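The basis for the numbers below is simple: all heavy atoms, side chains too, and nothing from hydrogens, waters or symmetry mates. Fair warning: this is a prediction, and the values are worked out from it, not measured in the lab. As the structure lists them, so they are numbered: ligands from 1, and atoms in each ligand from 1.
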Amino acid sequence: MSTQHITVTVNGEAREADVEPRLLLVHLLRDTFGLTGTHVGCDTSNCGACTVHLDGESAKSCTVLAVQADGRQVKTIEGMADGATLHPLQQGFWDQHGLQCGFCTPGMIMQAAWLLEQNADPSEAEIREGISGNLCRCTGYVNIVKAIQQAAVSLSEAASAPVVAGETTEGQAVSAEPAAAG
Ligand code: FES
Ligand code: FES
């Protein structure tokens, strides 16, 4: 079986592989690169469990061939946290109990992250529309929406924090958290 050599930057790290032309991106991520946070729920583009970012766009990785990702940037759920600090969406899902079995959660978070990049202050209706391609069979979506709303507030505060903290912070590391005066 012929293979094609590809290089994909995954979560900021260049990864190489020899792949069959029929290999799906989701299987490249999971089986070749060991990034099993991206889930396979259907393989037919219905559930959204496989959602990743491809060159900054939300993409269902079961609908993309691995060879189509050659030379491109992929971000997965493993690339969301900053070390031990959860991404605001991860924190939101934790705080708001936005999951039960958790199977849909990585795809839900990746889709929500893309949504918040397009619209930093979405209404509930816009959130529900934005995640309409991601199916959850457990939660009823109420707490998922709350999680995304919490993250929207956190991201907004984080984005405004450096401007608010325009005064010099000599000798102090700049925190990504909303600044507590003093
Ligand atoms: Fe890709 Fe379900 S596994 S949409
Ligand atoms: Fe179980 Fe969403 S938490 S499918």
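Atoms of ligand 2 lying under 4.0 Å from at least one heavy atom of Q100, given by number and element, are 3 (S). Atoms of ligand 2 found under 4.0 Å from any heavy atom of G102, numbered from 1 in the order shown, are 1 (Fe), 3 (S). Remark: ligand 2 atoms within the under-4.0 Å shell around heavy atoms of R137 are 4 (S).
With N134 contributing its side chain and G48 its backbone, the two residues share a donor-acceptor pair below 3.5 Å. Listed for the E20 side chain is no donor-acceptor partner under 3.5 Å among the backbone atoms of T3. Of the possible donor and acceptor atoms, none in the side chain of K60 sits under 3.5 Å from a partner among the backbone N and O of C47. Remark: side-chain polar atoms of R72 are not paired, donor with acceptor, to backbone N or O of L54 under 3.5 angstrom.
Taking 4.5 Å as the limit, every side-chain heavy atom of V74 sits out of range of all side-chain heavy atoms of L28.
No donor-acceptor contact under 3.5 angstrom links the side chains of Q111 and T51, judged on distance only. Of the N and O atoms on the side chains of H5 and D18, at least one donor lies less than 3.5 Å from an acceptor on the other residue. For the residue pair T76/N11, the side-chain donor-acceptor check at 3.5 Å is satisfied.
When SG of C138 and SG of C101 are joined through atom 1 (Fe) of ligand 2, the resulting angle is 100° to the nearest 10°.
At a threshold of 2.8 Å, atom 2 (Fe) of ligand 2 has a backbone or side-chain N, O or S atom of C136 nearer than that distance. Atom 2 (Fe) of ligand 2 has an N, O or S atom of C104 inside 2.8 Å of it.
Among protein atoms, those of element N, O or S found less than 2.8 Å away from atom 2 (Fe) of ligand 1 are C42 SG, C47 SG.
The shortest non-hydrogen separation linking P21 to L65 is O-CD2, 3.6 Å.
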